Amino acid sequence: MAEIFENVSLRNLNTFGIESRARRFTRPKTKDELIAMLQQNPAAGLEKRVLGGGSNILITGDVDALVIRYDDVSMDVVRETDEHVWLRVGGGHNWHDLVVRCIETGLAGIENLSLIPGNVGAAPIQNIGAYGVELAEVFDSLEAVELSGGEVHAFSSEECGFGYRDSIFKNREKGRYLITDVVLRLNRKPDFRLDYGDIRSTLDAMGVEKLTIGAVSEAVCRIRRSKLPDPARLGNAGSYFKNPVITEKEFEKLRGKYPVMPGYPSGAGKVKIPAGWLIEKAGWKGRRIGETGTHEKQALVIVNYGMATGQEILDYSAGIAAEVESKFGITLTPEVNIW
Ligand code: EPU
């Protein structure tokens, strides 16, 4: 059974770099170790919480729980056809390492998702997405272990209920499972997605003549590095808020007042507005209050200048949301998980 530690600092385990202590902490490396631990229930009475790569979380105080960090990094091919390869990956595997491995072995489908921080097991929870691709497109299935008794459950793509930065694991089933394995269906032949933002212009600037998944990945890495702060240097958890989705009617009304307001069709009479634009126009881009601020190149990213507490970041984010609400009548909701 995995060892249980007491009073453990989580500072190096969350990319905001916030100091917080977990009452109990454990790092099972395999599903058997995890299940044995859950069944023996060594910290009975304590709530169990799962920490992945810590890259999408804001911790606002000490954590009175048994915090489980799942470290299974295994990977194997479960099925192959002429067109596809189904790859099973342990939930503790680093996401970007997986992307690199896929590119090296010529498996396409996740190159646009390069450099997203975090672990594979967390990817389905918020259906990670970037540069015109979402995890749901390559997702086959997952296995998850129920935290209350160690029972293993399988989920198909439909059962996960994927939406924009959303799944049942963020809503109905929040806190119930630990995702131990994810099966992805990758493509032998690439289906290049180059229409989002600066991908094409970056590939041109790189002087790419023959398009490859490696080149697309490199372009995505360059764009991300130019806009998003490296958590190793400046604490952050990527986009702090979701991009709000409003009705076409509301959008037209706002356009009357703000003719350059960007909006992207989001199905069924809905429009997605970049929260970064709203925050910038509300005057918060590059703003700093004490140890907390909004990144100067991407207003959707809140940063920790070093010594911010989780509560300070939460208060700062509430200030942003209040001003966006009063200026545009749009409610911003956090994309990060708040503990
Ligand atoms: N914009 C501004 N000012 C800003 C930032 C953005 O005006 O300070 C406007 C611009 O109009 C820009 C548009 O917002 O064209 C879109 O910006 P960007 O391409 O940077 O994407 P985003 O909508 O802000 C989303 C994801 C990111 C993902 C990028 C690229 C969400 C909440 N965020 O950001 O995901 O990397 O698209 O696909 O959907 C994350 O989830 O942590 C994350 C970084």
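Just so you know, these numbers come straight off a predicted model, no measurement behind them. First listed ligand is number 1; within each ligand, the first listed atom is number 1.
Other residues, nucleotides and ligands place more than 12 heavy atoms under 6.0 Å from the CG atom of Asn7. Summarising the local packing, CZ of Arg288 is surrounded by more than 12 heavy atoms from other residues, nucleotides or ligands at distances under 6.0 Å. By the 6.0 Å contact criterion, CE on Met206 is enclosed, its count of non-hydrogen atoms from other residues, nucleotides or ligands being greater than 12. Atom CD of Gln39 is surrounded by more than 12 heavy atoms from other residues, nucleotides or ligands within 6.0 Å. Residue Lys29 qualifies as open at atom NZ: its count of foreign heavy atoms under 6.0 Å is 12 or below.
Taking every non-hydrogen atom of Phe241 and a distance limit under 4.0 Å, the qualifying atoms of ligand 1 come out as 32 (C). Each of the atoms 3 (N), 4 (C), 8 (O) of ligand 1 lies under 4.0 Å from some heavy atom of Lys285. Heavy-atom contacts of Ala130 reach the following atoms of ligand 1: 36 (O), 38 (O) (cutoff under 4.0 Å). Heavy-atom proximity to Pro274, at under 4.0 Å, picks out these atoms of ligand 1: 9 (C), 13 (C), 14 (O). Every atom of ligand 1 is numbered from 1 in the order shown, and the set under 4.0 Å from a heavy atom of Arg224 is 36 (O). Applying the 4.0 Å criterion to heavy atoms of Gly238 picks out, from ligand 1, the atoms 42 (O).
Of all protein heavy atoms, the one lying nearest to atom 40 (C) of ligand 1 is Ser239 OG, 3.2 Å. The protein atom (non-hydrogen) at minimum distance from atom 38 (O) of ligand 1 is Tyr131 N, 2.6 Å. Regarding atom 11 (O) of ligand 1, its nearest protein heavy-atom neighbour is Pro262 CG, 3.8 Å. For atom 39 (O) of ligand 1, the closest non-hydrogen atom on the protein side is Tyr164 OH, 2.7 Å. With hydrogens left out, the protein atom closest to atom 23 (O) of ligand 1 is Asn243 ND2, 2.8 Å, a heavy atom. Residue, atom and distance of the protein heavy atom nearest to atom 5 (C) of ligand 1 are Gln298 OE1, 3.0 Å. Tyr196 OH, 3.2 Å is the protein heavy atom nearest to atom 21 (O) of ligand 1. For atom 4 (C) of ligand 1, the closest non-hydrogen atom of the protein is Glu280 OE1, 3.5 Å.
In this structure, the side chain of Ser20 engages the main chain of Gly61 through a donor-acceptor pair within 3.5 Å.
Less than 4.0 angstrom separates atom 30 (C) of ligand 1 from at least one non-hydrogen atom of the protein.
Ligand 1 has a nitrogen or oxygen under 3.5 angstrom from a nitrogen or oxygen of Ala299.
In this structure, Gln298 CD and Arg224 CZ are separated by 10.0 Å, a value rounded to the nearest 0.5 Å.
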What verdict does the ring-ring contact (aromatic ring centres under 6.0 Å, His included) test give for Trp86 and His84, after you've listed the backbone C-alpha separation in whole Å, the side-chain angles of each residue and the deciding distance to 0.1 Å?
CA-CA 7 Å; Trp86 283 257; His84 302 294; 5.8 Å; yes
Using the side chain to side chain contact (heavy atoms under 4.5 Å, CB included) rule, take Ile330 and Leu278 through it: C-alpha gap first, then chi angles, then the decisive distance, then the call.
CA-CA 9 Å; Ile330 293 178; Leu278 299 169; 4.1 Å; yes
- request: Please report the C-alpha distance between Tyr164 and Asn243 in whole Å, then the side-chain angles of each, then the deciding distance to 0.1 Å, and finally whether the side chain to side chain contact (heavy atoms under 4.5 Å, CB included) criterion is met.
  value: CA-CA 9 Å; Tyr164 163 60; Asn243 285 328; 3.2 Å; yes
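Across Glu335, Glu296, Arg165, heavy-atom proximity to atom 27 (C) of ligand 1 is greatest for Arg165.
Ion pairing between a basic and an acidic side chain is recognised when a charged N comes within 4.0 Å of a carboxylate O; Glu335 and Arg165 show such pairing.
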